[in-house]
Amino acid sequence: MKIKTNRLFILTLGIVLLMPLKGCDEDKLEISNPNTVSQLDFFRNEADFRVAVNGMIHPITAVFFWGRVVHTGPMLRSDAFNVVPFANNTTMSTLQGVPGVSRWATDMFPQLYQTIFRANTILEEANDENLPTGSVRDEILGQAYFMRAFANWYLAAFWGNAPLVLSTPESDEDFFPNQSTQTEIFNAVISDLEMAATMLPSTWSSSDLGRPTSGAALALRGKTYLYMGNFSAAATDFQAVVNSGVYELLSGAQYEENFTTVSENNVESVFELQFSPQDNFVWGSDAPLTGSQSNFYIDYSPPTVSLDRSHYINPHILQTFEDNGDIVRRNATIAFDYPGATGYGGVPFLEDFAPDIEAAQVAGVDALFTRKYAMLFAGTRQELPGFGQTVGVNWRLIRYSDVLLMLAEAENENGDQAAAIDLINQVRQRAEIADLPAGLSQQEVFDAIVEERIMELTGEGHRFLDLVRWGLADDVMGQGSTIAGGRHPKSLAGESAFFTPGRDELLWIPVPELNANPNLNQNPGY
């Protein structure tokens with residue numbers, strides 16, 4: 001059963017301005033808002049804290065973060081996607097965006113701080129009376145530590161230099177925090193995940209499936225160490241996830257179930273965001289029964305379905321599958337013309353995708369389309385709305401296969417190529433392709449990991465951040481790159497759609513945040 005993150009408690013900060021007006025009774029000016037719950041009247045018991053935890057998670061799943069905008073912007077920066085330009089909607093995904101102009105330029109940043117504020121409040125309000133020491137307290141506070149770490153992880157990964165807020169504001173100065181470096185934020189993430197890993201259970205009961213676990217905390221901490229170049233610590237955390245015995249790979253026949261509603265929160269899922277379909281779509285609402293549907297479907301559906309014209313998959317992605325003989329993951333990742341291929345609702349591919357194939361021909365690109373999270377399983381084109389309110393597929397943020405490949409990368413960097421090869425081969429065996437041979441050099445193993453992550457994880461939001469941390473973003477996406485079948489991977493967006501070193505590693509700090517806080521500085525290059 002999915003977490004009902006849309007049943008949230010909205011924490012509010014209010015400032016009461018009392019003006020000593022002559023002839024007025026000041027007591028009569030103090031009026032309570034009957035439509036809100038005072039923080040002093042809340043956090044009385046376990047039930048209140050559980051409601052607050054669900055409210056803490058909601059900004060992450062809402063339309064202005066993972067529910068939609070994170071995909072429209074940074075996730076589609078990957079070289080896998082040749083984005084069809086659509087006014088200011090796509091300038092972030094085509095690496096052409098500038099502060100204050102691009103759409104979606106301001107939406108993601110505050111969502112993360114909403115979750116952080118709510119996590120901070122939960123951690124500060126807990127005491128021995130309203131939440132006695134024990135397993136329940138650990139479960140609740142462990143989730144708060146995890147979600148604060150999760151929000152800060154993406155602040156560090158996307159923006160690099162952002163305020164590190166680990167407590168609720170108490171003074172005027174607290175409302176104008178200074179920026180911290182990416183390293184400082186990652187260190188705070190590690191500290192929070194150390195707490196979460198010791199407090200969270202390894203599994204949840206069926207009614208709470210999808211909540212963060214100790215395994216999710218260890219995996220995210222290992223990923224943080226990996227991004228920081230601490231490969232020994234990363235390997236330790238990833239190995240702990242493997243040794244837990246909680247996770248395993250689905251079979252090759254089940255691989256595509258990782259991206260549908262068929263098998264959510266399965267044994268391969270280390271952490272996934274929970275989404276539920278709703279009857280109505282409401283932009284950016286932070287209220288019950290809105291904002292939880294899978295609106296990222298817009299960004300992965302084909303061009304003639306998407307409200308934003310979507311994208312095409314670049315041919316070098318398909319070629320990687322072909323070079324490795326990988327049919328299992330190819331057919332679950334790319335929608336294209338192969339024997340038995342189908343489109344929406346099981347309609348034959350050439351029939352269902354006819355308008356998209358024609359659009360590809362007009363654009364002069366290969367007719368290759370995203371399959372993961374495009375909701376082809378959910379019904380015919382006529383049955384799906386423009387927004388994804390009737391679709392509630394969960395987004396798998398960390399899968400066990402990703403953990404195995406990150407562990408392989410850490411072991412390779414630590415000099416144990418044999419261990420790395422064995423881990424990669426576990427992932428390849430599920431895909432029913434040949435093992436890597438023994439005796440590969442460190443560079444050869446690294447190159448194999450780069451390819452394996454393309455085949456295993458394309459369309460799941462990892463590729464762009466991988467390229468940046470590997471120092472390969474400029475080689476693959478920089479000016480003059482022709483990796484995509486003789487074209488630049490962002491060729492449809494024009495000559496200016498390329499990665500610029502020293503700028504595009506990070507997103508720009510939103511202009512409203514700069515205007516509101518004089519202690520913030522814009523990221524380099526913008």
Side-chain angles (χ1 to χ4, degrees), residues 1-13 36-67 70 107-127 130-131 136-155 162-169 185 188-189 191-193 195-197 199-201 204 207-214 216-217 220 271-276 284-292 394-395 397-398:
M1 181 177 180
K2 296 186 179 184
I3 304 169
K4 301 302 181 183
T5 58
N6 48 1
R7 295 178 183 175
L8 58 94
F9 169 72
I10 303 174
L11 299 174
T12 59
L13 282 179
T36 64
V37 178
S38 167
Q39 188 168 319
L40 296 175
D41 296 328
F42 203 72
F43 294 112
R44 299 160 301 176
N45 50 42
E46 173 191 336
D48 285 352
F49 276 95
R50 291 197 180 279
V51 171
V53 164
N54 290 348
M56 169 189 65
I57 297 172
H58 183 266
I60 297 295
T61 61
V63 66
F64 284 133
F65 198 68
W66 213 277
V70 75
D107 301 302
M108 296 178 289
F109 200 77
Q111 294 294 122
L112 293 172
Y113 283 105
Q114 285 184 41
T115 283
I116 289 169
F117 171 73
R118 295 173 187 184
N120 287 339
T121 303
I122 291 168
L123 293 170
E124 292 170 2
E125 290 292 332
N127 57 55
N130 60 17
L131 200 63
V136 170
R137 179 189 179 100
D138 284 350
E139 288 176 358
I140 289 171
L141 299 190
Q143 290 182 80
Y145 279 117
F146 181 90
M147 292 309 301
R148 186 169 73 176
F150 179 94
N152 276 318
W153 196 95
Y154 279 96
L155 282 169
L164 179 60
V165 182
L166 300 179
S167 61
T168 56
I185 299 173
V189 167
S191 179
D192 276 353
L193 292 174
M195 296 296 294
M199 301 175 85
L200 290 170
W204 290 87
S207 60
D208 281 313
L209 281 179
R211 296 188 183 276
T213 61
S214 57
L220 185 56
F271 183 60
E272 61 189 69
L273 292 179
Q274 311 293 300
F275 286 91
S276 299
S285 179
D286 192 359
L289 301 180
T290 61
S292 62
N394 291 352
W395 189 280
L397 275 159
I398 306 175

Worked verdict on Y113 versus L155 for side chain to side chain contact (heavy atoms under 4.5 Å, CB included) | CA-CA 9 Å; Y113 283 105; L155 282 169; 3.6 Å; yes
F49 vs E125, side chain to side chain contact (heavy atoms under 4.5 Å, CB included): CA-CA, chis, key distance, verdict | CA-CA 9 Å; F49 276 95; E125 290 292 332; 4.3 Å; yes
How far apart are the C-alpha atoms of L166 and L123, what are their side-chain angles, what is the distance that settles it, and do they pass the side chain to side chain contact (heavy atoms under 4.5 Å, CB included) test?
-> CA-CA 10 Å; L166 300 179; L123 293 170; over 6 Å; no
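In this structure, D138 CG and L200 CG are separated by 8.5 Å, a value rounded to the nearest 0.5 Å. Atoms CZ and CG, on R50 and L131 in that order, are 8.5 Å from each other to the nearest 0.5 Å. Between I116 atom CD1 and T168 atom OG1 the span is 13.0 Å, to the nearest 0.5 Å. Going from atom CZ of R118 over to atom CE of M147 covers 11.5 Å, rounded to the nearest 0.5 Å. Distance check: Q114 CD to F65 CZ gives 11.5 Å after rounding to the nearest 0.5 Å.
F43 has its side chain within reach of I122: a pair of non-hydrogen atoms, C-beta onward, lies under 4.5 Å apart. A 4.5 Å side-chain heavy-atom check between T61 and W66 finds every atom pair outside the cut-off. The closest side-chain heavy-atom distance from V51 to F42 is below 4.5 Å.
Using modelled atom types and a 3.5 Å distance limit, the side chains of R211 and N54 yield a donor-acceptor pair.
Here the closest non-hydrogen pair linking A144 and A119 is O-CB, 3.6 Å. Pairing each heavy atom of M56 with each of Q143, the nearest pair is CE-O, 3.7 Å. Contact detail for V165 and N120: the closest heavy-atom pair is O-ND2, 3.3 Å. Pairing each heavy atom of P212 with each of W204, the nearest pair is O-NE1, 2.9 Å. When every heavy atom of I185 is checked against every heavy atom of A162, the shortest pair comes out as CD1-O, 3.6 Å. Closest approach of Q274 to L209, counting heavy atoms only: OE1-O, 3.8 Å.
The aromatic rings of F146 and F271 lie perpendicular to each other, with more than 60° between the two planes, well past the 30° mark.
Checked against the 6.0 Å centroid criterion, the rings of Y154 and F150 qualify as a close aromatic pair.
Between the side chain of N45 and the backbone N or O of D48 there is at least one donor-acceptor pair closer than 3.5 Å. Side chain of R137 to main chain of E46: no donor-acceptor pair is present (N/O by atom type, distance under 3.5 Å, no hydrogens or angles). The backbone N or O of R148 lies less than 3.5 Å from a partner atom in the side chain of N152, making a donor-acceptor pair.
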